[in-house]
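For reference, the structure discussed in these notes is given below.
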Amino acid sequence: MHRLMSGLLTDQCVPKGAPLFGHYEIFGHDMMIEMNKQSRLAKASETGRMIRTLSGREKPVESFRPRDVLIHDWVCERVESARRLQAMMAEAKHHDFTDFDALCDLLMEQYGARLGGTRGGAELESLDRLFKVQITTTDQKTVTPAIMAAEELVREVMDDLMDGASADLRQIVDRAFVRNHKTGQISTARIVSLVALEIEHPRWPVAQRALRDAIESGGQRRYMRFYAHNDAREPWTLIDLNYSSLEA
């Protein structure tokens, strides 16, 4: 793993002379930190170095405050590192699914055995029952701009019902059309739940059709998750590949 990360983090994304992954065992923690500091200071004051500004022009490193150059260097290094890590994970993911498909074909050819159901999901375990790989397939759905017309119909039904609509029903309707504050998207799951409601109103079937028409299928997406435990009697532990959730 250290060799892999050392290749990932070349001197293009760490200061020249800074310790790489694997140097911890050689130099020790304190010396490694000190080497990192010295290499950063040297890079921040490197003679003849040019740094690109917001306008796209390059200016000598001496034109900037040293503290700003140190921050600039660290941010650029970390983003470059993240890009390389992202590319490495994307390549690994592509390889894993290609390999899984090849395994499915091989088992079918040799033994007439099909892995999982018709939707492509499967759970595979090692013989000692200590490792597991789970493959799931989900339908990807999106809400189209037609949702605005559907919302108008639903609101009309709610207005007609007046006191006939319970507070819980109104809350379900209101929540269904709330957009995610980060993505700006409406939840397809909430719209589907709204469609499933049985409401006594002559225009409700029309509103239901409008809601269904506002949901568009975006194909399918496959997921692969990895699990392990030390004893078959213990619960499975997910091997979390989410960078933000990892302990540092």
Side-chain angles (χ1 to χ4, degrees), residues 1-100 131 133-135 140 142 178-187 218 221-230 236-248:
M1 182 62 176
H2 285 158
R3 289 196 299 272
L4 178 62
M5 294 306 293
S6 295
L8 181 67
L9 301 177
T10 66
D11 56 6
Q12 294 182 12
C13 55
V14 295
K16 186 177 181 180
L20 295 172
F21 284 88
H23 287 184
Y24 177 90
E25 293 86 349
I26 301 173
F27 299 107
H29 181 270
D30 293 341
M31 184 175 291
M32 191 171 74
I33 293 296
E34 191 58 35
M35 290 171 63
N36 187 286
K37 290 179 182 177
Q38 295 304 318
S39 63
R40 289 191 177 282
L41 287 172
K43 182 179 179 181
S45 57
E46 185 179 345
T47 303
R49 181 185 173 195
M50 306 293 286
I51 296 179
R52 188 176 61 183
T53 64
L54 179 63
S55 66
R57 298 177 58 186
E58 291 192 337
K59 297 174 64 175
V61 68
E62 296 85 1
S63 303
F64 305 93
R65 292 185 298 176
R67 65 178 297 274
D68 293 338
V69 176
L70 286 169
I71 294 172
H72 166 82
D73 288 346
W74 186 87
V75 170
C76 291
E77 291 158 13
R78 297 285 63 76
V79 171
E80 179 63 23
S81 171
R83 282 176 170 171
R84 294 182 181 216
L85 182 59
Q86 181 189 52
M88 184 180 72
M89 291 183 68
E91 182 179 356
K93 182 176 180 179
H94 175 74
H95 173 271
D96 287 346
F97 275 111
T98 301
D99 212 32
F100 171 69
F131 305 123
V133 178
Q134 182 185 71
I135 296 93
Q140 300 295 298
T142 57
V178 171
R179 294 182 180 273
N180 184 290
H181 71 281
K182 290 183 179 179
T183 65
Q185 301 297 313
I186 292 175
S187 168
R221 187 168 184 175
R222 292 197 296 178
Y223 298 89
M224 188 177 293
R225 296 178 177 87
F226 309 92
Y227 298 86
H229 52 199
N230 295 322
W236 288 106
T237 299
L238 174 68
I239 299 174
D240 197 342
L241 299 179
N242 182 351
Y243 184 90
S244 298
S245 67
L246 298 177
E247 293 287 343

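Hydrogens, waters and symmetry mates play no part in the numbers below; they use all other heavy atoms, side chains included.
Trp236 meets the ring-ring contact (aromatic ring centres under 6.0 Å, His included) test with His229; sequence neighbours excluded. The side chain to side chain contact (heavy atoms under 4.5 Å, CB included) test applied to Asn242 returns Asp240, Ser244, Ser245, not counting sequence neighbours. The side-chain hydrogen bond (donor to acceptor under 3.5 Å, both in side chains) search around Thr53 returns Ser55, not counting sequence neighbours. With sequence neighbours excluded, no residue forms a side-chain hydrogen bond (donor to acceptor under 3.5 Å, both in side chains) with Glu46. Residues satisfying the side-chain hydrogen bond (donor to acceptor under 3.5 Å, both in side chains) criterion with Arg179, sequence neighbours excluded, are absent altogether. In this structure Pro66 satisfies the side chain to side chain contact (heavy atoms under 4.5 Å, CB included) test with no other residue, sequence neighbours excluded. Every residue meeting the side chain to side chain contact (heavy atoms under 4.5 Å, CB included) condition with Val61, not counting sequence neighbours, appears here in chain and number order: Arg49, Ile51, Val69. A search for side chain to side chain contact (heavy atoms under 4.5 Å, CB included) contacts involving Ala42 returns nothing, not counting sequence neighbours. Arg65 meets the salt bridge (charged side-chain N to carboxylate O under 4.0 Å, His left out) test with Asp68; sequence neighbours excluded. With sequence neighbours left out, Gln86 forms a side-chain hydrogen bond (donor to acceptor under 3.5 Å, both in side chains) with no residue at all.
With rounding to the nearest 0.5 Å, the separation of CE in Met32 from NZ in Lys37 is 12.0 Å. Atoms OG and CZ, from Ser45 and Arg40 in turn, are 13.5 Å apart once rounded to the nearest 0.5 Å. Here CE of Met89 is found 5.0 Å from CG of Leu241. Values are rounded to the nearest 0.5 Å. Atom OG1 of Thr142 sits about 11.5 Å away from atom CD1 of Ile186, to the nearest 0.5 Å. Residue Phe64 holds its CZ atom at 13.0 Å from CD1 of Ile71, rounded to the nearest 0.5 Å. Rounding to the nearest 0.5 angstrom, the gap separating the CD atom in Gln134 from the CG atom in Leu238 is 9.0 Å.
No side-chain heavy atom of Val133 sits less than 4.5 Å from a side-chain heavy atom of Phe100.
Judged as a salt bridge (charged side-chain N to carboxylate O under 4.0 Å, His left out), not a single pair has a partner in residues 51-61 (not counting sequence neighbours). Sorted by first and then second residue, the side-chain hydrogen bond (donor to acceptor under 3.5 Å, both in side chains) pairs involving residues 90-99 (not counting sequence neighbours) form an empty list.
A 6.0 Å sphere centred on OH of Tyr243 holds no more than 12 heavy atoms belonging to other residues, nucleotides or ligands.
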